[in-house]
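I have placed the structure first, in the form of structure tokens, so that the comments after it can refer back to it.
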Amino acid sequence: MKSVSRRSFVKNAGLGIGTVAMSPAFFSLEEMFSSMNGRYQGEKLNVALCGLGRYANILAKGLQASEFCQLTGIITGSPEKEVSWKEKYGIPSKNIYNYENFDEIRDNKDIDLVYVVLPNGMHKEFTIRAATASKHVIVEKPMANTAEECREMIAACKDAGVQLALGYRLHYEPNHLEIMRLGQEKVFGQVRLIEASLGFNMTGIDPGDWHLNKKLSGGGPLMNLGVYCIQSNRYVLGEEPVSVTAQFLPKIRPDLFVEVEEGITWQLNFPNGAVGTSTTTSTSSVDRFYAAADHGFFEMSPAISYGPFIGRSSSGPFDFPVINQQAAQLDGIGKYILENKKLPIHIAGEEGLKDMIVIEAIYKAAETGRKIVIK
Ligand code: NAD
């Protein structure tokens, strides 16, 4: 492994120093401004996790490893979790909320930011309630169930004068920063073809799991996993797709996947002629990324899960440190908020909206069998 410490890597990534900051407009960091009152200077950002499921447990570990953020509060519907999290993380009773009294968080000066880790269909409500309570927000992917919900969330945060970030952990991960650089700086020439796929065999999923409930999930694996494939296409090319064709995969377990798709494959067309082909599925495990450029290639597998990632290019293997992805993300976002700087657009709410617009076009293409123009 390269002798780059997580701390120095994160510091550079959080400040936008390095390759990505030099890339084309897609990752421009120009829009920084001071909008807050500076009270966070030199302090850690106090974070409350909203929804204490599987991923919140991973984020809690990330918060422990974070340089700029710390866990100071929780919002949960389970009285048992109030007790176990209070003990495990030393959270004071006054910083523990449930979904009903959550709005009282407005008066709590020990919480600066609410991290929404609830099922997708609840993201909008809790993002807007947090913003209305004057708290900054990080919301997990996918940002919401629809693009319209994303717009409402962005507007609510803007109106409340708080910042809204997406929980896109790969934006801060060194292998992914490298593929952004290789693609956007055309190190091997123009990227012409991308293949990015992510799937998990969800045999044994509880029929009552929210991922199978359209109201709570917004859709099947396209919402939960495919969003990462869309992301990688967009940030490697540094462009927005202009049209898409898509096909649902046959359902292997139609008894379980009643309301949402079990798998879907799609083809994104980009303005420069590049094509991105992806599949996401709940029937089999796949976790890979491949980009073919004019004079070479780069690839990773595993590529999108929690890693560790294995990557290489035409020039040889990647050699980056394995980092705590959640800590890197929290630091990358927290640094801006602590310094009272506006989040760069590629890590803010607008980024989630862009992905949701593509997701809606993919569903429409699969449902109609037509090529859909993405506006
Ligand atoms: P989970 O089912 O493990 O946790 C969901 C939490 O929401 C639970 O604590 C549950 O009690 C609570 N909840 C409240 N109301 C609920 C309801 N009506 N139905 C179901 N649960 C309800 O889910 P998770 O895997 O932690 O996912 C939460 C969010 O995090 C999702 O948006 C998901 O896409 C995202 N996520 C992101 C990553 C990542 O790598 N960034 C990884 C996993 C999940």
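Atoms within a ligand are numbered from 1 in the order they appear, just like the ligands themselves. Only heavy atoms go into these numbers, but all of them, side chains included; no hydrogens, no water, no symmetry mates.
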Would you mind checking if [Y] and [X] are paired as a salt bridge, meaning a charged N to carboxylate O distance below 4.0 Å?
{"X": "K141", "Y": "D355", "answer": "no"}
{"X": "R288", "Y": "E195", "answer": "yes"}
{"X": "K364", "Y": "E360", "answer": "no"}
{"X": "R181", "Y": "E178", "answer": "yes"}
{"X": "K94", "Y": "D110", "answer": "yes"}
{"X": "D107", "Y": "K135", "answer": "no"}

For ligand 1, which atoms, with element, lie under 4.0 Å from some heavy atom of [X]?
{"X": "R169", "answer": "39 (C), 40 (O), 41 (N)"}
{"X": "G167", "answer": "41 (N)"}
{"X": "V117", "answer": "28 (C), 29 (C), 30 (O)"}
{"X": "K81", "answer": "9 (O), 11 (O)"}
{"X": "N224", "answer": "34 (O)"}
{"X": "Y306", "answer": "40 (O), 42 (C), 43 (C)"}
{"X": "L52", "answer": "9 (O)"}
{"X": "H123", "answer": "32 (O)"}

Can a donor-acceptor pair be found between the side chains of [X] and [Y] at a distance below 3.5 Å?
{"X": "Q184", "Y": "Y235", "result": "no"}
{"X": "R169", "Y": "Q329", "result": "no"}
{"X": "H176", "Y": "Q231", "result": "no"}
{"X": "D331", "Y": "Y172", "result": "no"}

With respect to [X], determine whether any N or O atom, backbone or side chain, lies less than 3.5 Å from an N or O atom of ligand 1.
{"X": "L216", "value": "no"}
{"X": "G53", "value": "yes"}
{"X": "S78", "value": "no"}
{"X": "Q326", "value": "no"}
{"X": "E140", "value": "yes"}

Short check: is a protein heavy atom less than 4.0 Å from atom 42 (C) of ligand 1? yes
Could a heavy atom of [X] be found less than 4.0 Å from some atom of ligand 1?
{"X": "P119", "result": "yes"}
{"X": "M223", "result": "no"}
{"X": "H211", "result": "no"}

Aromatic ring pairing [X]/[Y], orientation class (parallel under 30°, perpendicular over 60°, tilted between):
{"X": "F297", "Y": "Y290", "result": "parallel"}
{"X": "Y306", "Y": "Y55", "result": "parallel"}
{"X": "F318", "Y": "F320", "result": "perpendicular"}

Under a 4.0 Å heavy-atom limit, does [X] contact ligand 1 with its side chain, its backbone, both, or neither?
{"X": "Y99", "result": "side chain"}
{"X": "T76", "result": "neither"}
{"X": "K141", "result": "both"}

With T245 as partner, the option from Q267, R370, K371 fulfilling side-chain hydrogen bond (donor to acceptor under 3.5 Å, both in side chains) is Q267
Nearest to [atom], what protein heavy atom do you find, and at what distance?
{"atom": "atom 25 (O) of ligand 1", "value": "R54 NE, 3.9 Å"}
{"atom": "atom 32 (O) of ligand 1", "value": "N120 OD1, 2.7 Å"}
{"atom": "atom 29 (C) of ligand 1", "value": "L118 O, 3.4 Å"}
{"atom": "atom 16 (C) of ligand 1", "value": "M122 SD, 3.7 Å"}

Closest to atom 23 (O) of ligand 1 (judged by heavy-atom distance), picking from W210, Y228, Y55: W210
For F68, does the six-membered ring have the charged nitrogen or CZ of K335 within the cation-pi criterion, i.e. under 6.0 angstrom from the centroid and within 45° of the normal? yes
